Number of protein chains: 2
Amino acid sequence: MSNEELLRHHGLRTTALRLDLLRLLQASDRALTHQEFEGGLKVEADRVSIFRSLNAFVEAGVAHRVLDGRGTSCFARCGTDCGHGHHNDTHAHFRCNTCGHVYCMDPIELPGVALPRGFKLAKSYLELDGTCKGCR
Amino acid sequence: MSNEELLRHHGLRTTALRLDLLRLLQASDRALTHQEFEGGLKVEADRVSIFRSLNAFVEAGVAHRVLDGRGTSCFARCGTDCGHGHHNDTHAHFRCNTCGHVYCMDPIELPGVALPRGFKLAKSYLELDGTCKGCR
DNA sequence: AAATTAAACGCAACTGTGTTGCATTTCAAA
DNA sequence: TTTGAAATGCAACACAGTTGCGTTTAATTT
């Protein structure tokens, strides 16, 4: 599926900015921060528009948001089974303590956890850190 | 161990602000944000001093830092086995999707994860969300 | 008890992320 | 080609968190 089709398929308009953002998303093997998007764009775009497009991606199921362990949002492409309002991002995220980059891992099974009385579990997320292959 | 002793034991001076922060930490069953500390203090204190004291707590092993899922830091008391530069915070954190509060869960075993070639794992963190007992 | 010194503090200023309001432009459909 | 909604740009704002620096204070020494 082309990026134009991808956007259309998720109910988003195809604009130069969004195609450019998708290009960056697809070219990267890891989650990117807003800053990295801004620095890598070929088109000129306002910070605010980038934020809004990335938020639109998340809402539409085109990308998912990951926190980088210091509170900054990173974005990575979703699998084909994500759609408007629902994400199937049941994979772990690995953050490198040296370069700070965040990588999506393969999907895994998470263990059940006993919660205190009254707590209702919705989702579990496994976050990993260590050293990535580029930083060893 | 009194709070004075606790601070002394971790190489920190006992000041009115730090004792007040410790009081709030101890009175809470969940991790608190900087804002909550600021609002709950009996003594007057500058925002910056609160940030600095909380950072000092983390570095000394008195408290640990948890992200609340929206990028803001929360702080909770450490167990007795944490010290300067090393934390034994091998427990999951639960964030309520309604009120946003973050709770520390009991320590659990995390499953081993197969990482891509070249990645070296340091630590794993299990993050949970759902509805807390106060919000059902 | 007074002097001393490093740690802690208060204040001002700054950085960076992320958001909101509003006017303007642009996409896509009629 | 017209048209309406979505997307963008710009200005301003909110908030977390940090840094520099001068002053105060805690704990040690004399």
Side-chain angles (χ1 to χ4, degrees), chain A residues 2-22 31-60 62-75 84 95 100-102, chain B residues 2-22 31-60 62-75 84 95 100-102:
Chain A
S2 74
N3 283 342
E4 281 93 342
E5 287 170 320
L6 179 71
L7 288 172
R8 197 76 65 83
H9 183 258
H10 286 86
L12 298 173
R13 289 192 181 175
T14 72
T15 69
L17 170 60
R18 292 183 174 177
L19 290 174
D20 212 358
L21 291 173
L22 277 184
L32 299 174
T33 65
H34 150 261
Q35 251 191 356
E36 291 172 315
F37 282 110
E38 197 169 13
L41 285 177
K42 288 178 180 165
V43 301
E44 292 278 318
D46 194 80
R47 286 173 59 245
V48 178
S49 301
I50 298 173
F51 275 119
R52 282 200 265 236
S53 281
L54 292 173
N55 284 339
F57 286 177
V58 172
E59 197 168 334
V62 174
H64 62 273
R65 182 193 309 268
V66 199
L67 292 178
D68 77 344
R70 277 186 223 71
T72 309
S73 290
C74 301
F75 300 86
H84 183 86
R95 177 173 44 89
H101 291 168
V102 175
Chain B
S2 74
N3 283 342
E4 281 93 342
E5 288 170 318
L6 180 70
L7 289 171
R8 196 77 65 84
H9 184 256
H10 286 86
L12 299 171
R13 288 195 180 174
T14 71
T15 69
L17 170 58
R18 292 182 175 177
L19 290 174
D20 211 358
L21 292 172
L22 276 184
L32 300 174
T33 65
H34 149 261
Q35 250 190 357
E36 291 172 317
F37 282 110
E38 196 169 12
L41 285 177
K42 288 178 179 165
V43 302
E44 292 278 319
D46 193 81
R47 287 173 59 246
V48 176
S49 301
I50 299 174
F51 276 118
R52 282 200 265 235
S53 281
L54 292 173
N55 285 338
F57 285 178
V58 171
E59 198 169 334
V62 174
H64 62 273
R65 181 193 308 267
V66 200
L67 292 178
D68 76 344
R70 277 185 223 72
T72 308
S73 290
C74 301
F75 300 85
H84 183 88
R95 176 173 45 88
H101 291 169
V102 175

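Small disclaimer: the values here were computed from a predicted structure and weren't measured. Just so it is clear: chains get the letters A, B, ... in the order the sequence lines come, proteins before strands, and each one is counted from 1.
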Out of C:dA29, D:dT8, D:dT18, which has the shortest distance to the side chain of B:Phe51?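 Nearest listed nucleotide: D:dT18.
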Minimum-distance nucleotide to A:Arg8 side chain [options: D:dT18, C:dA28, C:dT17]: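 Closest of the options to the side chain of A:Arg8: C:dA28.
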Starting at [atom1] of [X] and ending at [atom2] of [N], how long is that distance when rounded to a whole Å?
X       : N      : atom1 : atom2 : value
B:Leu54 : C:dA8  : CG    : P     : 13 Å
A:Phe37 : C:dT17 : CZ    : P     : 13 Å
B:Leu7  : C:dC9  : CG    : C1'   : 16 Å
B:Gln35 : D:dA14 : CD    : C1'   : 11 Å
A:Leu41 : D:dT8  : CG    : P     : 11 Å
A:Leu19 : D:dA7  : CG    : C1'   : 13 Å
B:Leu22 : C:dA8  : CG    : P     : 13 Å
A:Leu17 : D:dC10 : CG    : P     : 13 Å

Hey, which sits more toward the 5' end of DNA chain C by its nearest nucleotide, B:Ile50 or A:Arg13?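 Counting from the 5' end, the first nearest nucleotide belongs to B:Ile50.
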Which residue, B:Asp46 or A:Arg52, contacts DNA chain C at a nucleotide closer to its 5' end, judged by nearest heavy atom?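 On the 5' side of the pair lies B:Asp46.
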Give the minimum heavy-atom separation between [X] and [Y], together with the two atoms involved.
X       : Y        : value
B:Ala56 : B:Arg18  : CB-NH2, 4.1 Å
A:Arg70 : A:Gly100 : NH2-CA, 4.2 Å
B:Ala16 : B:Val43  : CB-CG1, 4.1 Å

Could you tell me whether [X] contacts a base, only the sugar-phosphate backbone, or nothing, with contacts defined as non-hydrogen atoms closer than 4.0 Å?
X       : answer
B:Thr14 : sugar-phosphate
A:Ala45 : sugar-phosphate
B:Glu44 : sugar-phosphate

Is B:His9 atom NE2 crowded by more than 12 heavy atoms from other residues, nucleotides or ligands, each under 6.0 Å away?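 Atom NE2 in B:His9 is not crowded, with 12 or fewer foreign heavy atoms closer than 6.0 Å.
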Are any of [X]'s side-chain N or O atoms less than 4.0 Å away from OP1 or OP2 of [N]?
X       : N      : value
A:Ser73 : C:dG18 : yes
B:Ser49 : C:dA8  : no
B:Ser53 : C:dC9  : yes
B:Thr15 : C:dA7  : no

Got a donor-acceptor pair under 3.5 Å from the side chain of [X] to the base of [N]?
X       : N      : value
A:Arg47 : C:dG16 : no
B:Arg65 : D:dG17 : no
B:Arg18 : C:dA8  : no

Most 5' of B:His34 and A:Ala16 on DNA chain D, judged by nearest nucleotide: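 The residue whose closest nucleotide sits nearer the 5' end is A:Ala16.
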Considering heavy-atom distances to DNA chain D, does B:Asn55 or B:Leu12 have its closest nucleotide positioned more toward the 5' end?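 Comparing both residues, the 5'-ward one is B:Asn55.
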Got a donor-acceptor contact below 3.5 angstrom from the A:Asp20 side chain to the A:Lys42 backbone?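 Checked: pair present.
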Could you go step by step and tell me if B:Leu19 and B:Leu7 meet the side chain to side chain contact (heavy atoms under 4.5 Å, CB included) rule? CA-CA 9 Å; B:Leu19 290 174; B:Leu7 289 171; 3.9 Å; yes
